[in-house]
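Along the sequence shown, the residues carry numbers beginning at 1.
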Amino acid sequence: MGSGKKTWTAALLATAVLAITAACGGEGAGGEVKLRFSYWGSDARQKMTQEAIKKFEAKNPGIDVEEEFSDFGSYYESLATKVASDQTPDVITIEIRGLREYADRGTLADLSSTVTTADIDGKVLATGAIDGKQFAIPTGVNAWSLVVDPKAMKDAGQNLPDDTAWTWEEYVGLAAKVTARTGGKVYGTQQAFNPAFLQIFAAQRGESLYDGNKLGVSPGTLKAWWAVHQNLIRTKGSPDAAKTAELSALGEDKSLFATRNGAMGMWWSNQLGSINKASGGKEVELLRMPKAQGATTGGMFLQPAMFYTASSKSAHAAEAAKFIDFMVNDPEAGAIILSDRGLPASTKVLAAVRDKLPNADKKTLDFLDEIKGELMDSPAAPPKHASAIEDILKRYTNEVLFGRMTPDNAAQKLITEANALIAG
């Protein structure tokens with residue numbers, strides 16, 4: 001049995017090594033370390049990311065970064081499959097809504113002592129920490145904001161609002177006037193159902209989107225939020241329920257701005273450039289969100305556009321951390337990526353690339369500088385399964401807007417379903 005068993009054991013060992021290196025990086029034929037890096041986005045993002053990877057590889061000739069790129073629609077399903085089959089990439093891009101889920105599974109490594117974070121705002125950095133461990137490093141920041149087309153407003157005979165003091169009632173009224181004055185050729189606004197919108201709306205009423213492992217919004221706040229949507233449709237300040245639902249599933253390249261049929265809408269601030277481009281080069285602006293009557297806070301906040309994380313099972317933890325450090329902290333990487341992943345989280349990188357930013361991004365930066373004293377603290381990572389909340393919110397919102405459910409019934413059912421999901 002001696003020699004035969006030794007040969008069999010060696011074969012098993014070789015198979016195990018191959019399985020491990022396939023799952024989390026490995027070594028190439030030339031002995032270089034191979035890192036697998038997963039991310040989503042547009043063709044433009046892929047092109048600039050490839051350029052940044054080449055720059056990193058030139059600085060680190062012993063490391064080969066293999067990208068695993070997909071569109072956003074299929075990204076998380078693909079990632080979940082890889083993790084479940086022990087094929088977790090070494091470096092993983094993730095949003096805040098999925099952070100706790102992957103961290104609690106033990107998928108992510110603690111990057112506290114391996115990635116430099118001295119130049120990242122402490123409150124923003126804290127959004128990537130759970131139970132004292134820094135599982136995620138912010139790529140860049142943005143804020144959920146109101147976007148307005150000043151020319152469309154002027155053509156409709158309307159002045160831009162005083163966004164330091166305007167209310168939801170004034171927002172609905174202004175949208176209705178734009179639609180009426182243009183004979184319906186331009187709608188006052190395009191509606192949005194993003195949880196960030198509800199989070200801001202709830203904060204103005206003294207509530208939060210989450211309270212531990214349950215929703216923090218009351219039925220009354222949900223009904224008030226839906227009333228804003230219903231009033232926009234009723235006054236024709238926005239398209240009807242069917243068109244609104246259709247638009248909510250489309251990106252900015254198919255928005256009312258893109259077809260030049262809208263004067264306002266809500267988006268993340270780092271999307272200002274793509275909205276400008278989609279609208280044929282029209283110069284759109286950012287405004288503060290409207291407020292509830294008597295609100296003591298506007299409820300707006302900075303949120304990382306996304307995070308870089310590393311696999312806890314990576315065979316090349318040090319190299320994975322080095323790549324993340326490069327993408328976040330190296331001015332040369334920043335000069336390539338600019339604001340594609342949000343305005344750079346590193347103040348050092350932001351200062352280095354500020355003059356290179358496109359005009360739309362400079363506007364975004366000026367806007368965030370203007371409102372920074374009004375912003376609430378960045379929210380912590382939401383509970384597990386929070387990534388499904390947006391779909392639940394959109395589903396019940398459609399039930400209300402199409403008249404298939406009363407707001408009272410929809411609010412109770414939404415809260416029950418969401419709480420059952422995130423408590424598990």
Side-chain angles (χ1 to χ4, degrees), residues 72-73 76-77 80 95-101 104 144 168-169 171-172 189-234 237-250 265-268 289-293 295 297 299-301 303 376 379-424:
F72 182 74
Y76 282 107
E77 183 179 352
E95 293 176 294
I96 194 170
R97 59 181 176 169
L99 177 56
R100 187 175 294 273
E101 190 167 343
D104 286 357
W144 185 257
W168 291 109
E169 291 77 14
Y171 166 63
V172 172
T189 195
Q190 176 172 323
Q191 300 218 39
F193 309 135
N194 194 292
F197 177 10
L198 179 57
Q199 188 161 321
I200 290 169
F201 191 87
Q204 295 175 1
R205 297 166 64 93
E207 298 176 2
S208 58
L209 184 57
Y210 297 105
D211 180 13
N213 283 346
K214 63 180 182 180
L215 285 184
V217 291
S218 65
T221 291
L222 279 170
K223 289 188 290 183
W225 189 66
W226 283 327
V228 173
H229 294 290
Q230 289 175 307
N231 288 336
L232 283 168
I233 291 174
R234 178 181 55 80
S238 77
D240 60 20
K243 183 64 175 178
T244 289
E246 177 188 339
L247 287 167
S248 71
L250 303 175
M266 295 177 192
W267 305 89
W268 288 106
M289 295 283 281
K291 293 181 185 176
Q293 290 278 3
T297 177
M300 294 177 68
F301 57 91
Q303 178 168 296
M376 298 186 69
K384 287 191 295 185
H385 308 301
S387 56
I389 294 299
E390 184 167 0
D391 289 337
I392 293 173
L393 185 62
K394 187 178 292 187
R395 173 158 42 88
Y396 281 104
T397 299
N398 282 337
E399 292 298 297
V400 170
L401 297 187
F402 280 97
R404 295 189 290 255
M405 293 181 73
T406 66
D408 279 305
N409 192 22
Q412 293 295 341
K413 286 184 176 295
L414 184 154
I415 290 172
T416 299
E417 182 179 340
N419 283 344
L421 177 69
I422 61 182

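Heavy-atom minimum distance, Leu414 versus Leu222: CD2-CD1, 4.1 Å. Taking each heavy atom of Ile392 and Ala418 in turn, the nearest pair found is CD1-CA, 4.4 Å. In terms of heavy-atom proximity, His385 sits nearest to Leu421 at CD2-O, 3.2 Å. Heavy atoms only, all atoms of each residue included: Arg205 and Thr221 are closest at NE-OG1, 2.9 Å. Counting all heavy atoms, side chain and backbone alike, Ser238 lies closest to Thr244 at OG-OG1, 4.0 Å. The shortest heavy-atom contact between His229 and Ala192 is CE1-O, 3.1 Å.
Using a 4.5 Å cut-off on side-chain heavy atoms (C-beta onward), Asn419 and Ile422 make contact. Leu247 has its side chain out of reach of Gln191: every pair of non-hydrogen atoms, C-beta onward, lies at least 4.5 Å apart. In this structure the side chain of Tyr171 never reaches within 4.5 angstrom of the side chain of Lys291, judged on heavy atoms. Between Pro382 and Ile96 the shortest side-chain heavy-atom distance falls below 4.5 Å.
Rounded to the nearest 0.5 Å, atoms CD (Gln190) and CG (Leu232) are 11.5 Å apart. Atom CG in Leu198 sits 11.5 Å away from atom CD in Glu390 (nearest 0.5 Å). The CE atom of Met266 lies 6.0 Å from the OG1 atom of Thr189; values are rounded to the nearest 0.5 Å. Here CD of Gln293 is found 12.5 Å from CH2 of Trp168. Values are rounded to the nearest 0.5 Å. How far CG of Asn231 is from CZ of Arg234: 4.5 Å, rounded to the nearest 0.5 Å. Note that CD of Glu101 is 7.5 Å distant from NZ of Lys384, once rounded to the nearest 0.5 Å.
Side-chain contact, Trp144 with Gln199: no donor N or O sits under 3.5 Å from an acceptor N or O.
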Evaluation steps, side-chain contact (heavy atoms from CB on, under 4.5 Å), between Leu209 and Ile389: CA-CA 10 Å; Leu209 184 57; Ile389 294 299; 5.6 Å; no
Residue pair Asn194, Trp267: steps toward the side-chain contact (heavy atoms from CB on, under 4.5 Å) verdict: CA-CA 9 Å; Asn194 194 292; Trp267 305 89; over 6 Å; no
side-chain contact (heavy atoms from CB on, under 4.5 Å) assessment of Gln230 paired with Leu401: CA-CA 6 Å; Gln230 289 175 307; Leu401 297 187; 3.8 Å; yes
Pair Glu169-Val172, side-chain contact (heavy atoms from CB on, under 4.5 Å): steps then yes or no: CA-CA 5 Å; Glu169 291 77 14; Val172 172; 5.9 Å; no
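The aromatic ring centroids of Tyr396 and Trp225 lie 6.0 Å or more from each other.
In terms of modelled atom types and a separation under 3.5 Å, the side chain of Asp240 and the main chain of Lys243 share a donor-acceptor contact. A donor-acceptor pair is defined here as one N or O able to donate and one able to accept, closer than 3.5 Å; such a pair exists between the side chain of Gln204 and the backbone of Pro290.
With Lys394 as the fixed residue, the side chain to side chain contact (heavy atoms under 4.5 Å, CB included) test singles out one of Asn398, Asp391, Thr397: Asn398.
Under the 4.0 Å criterion applied to side-chain N and carboxylate O atoms, Lys413 and Glu399 are not assigned as salt-bridge partners. A salt bridge is defined here as a Lys NZ or Arg NE, NH1 or NH2 lying under 4.0 Å from an Asp or Glu carboxylate O, and Arg97 with Glu95 meets this definition.
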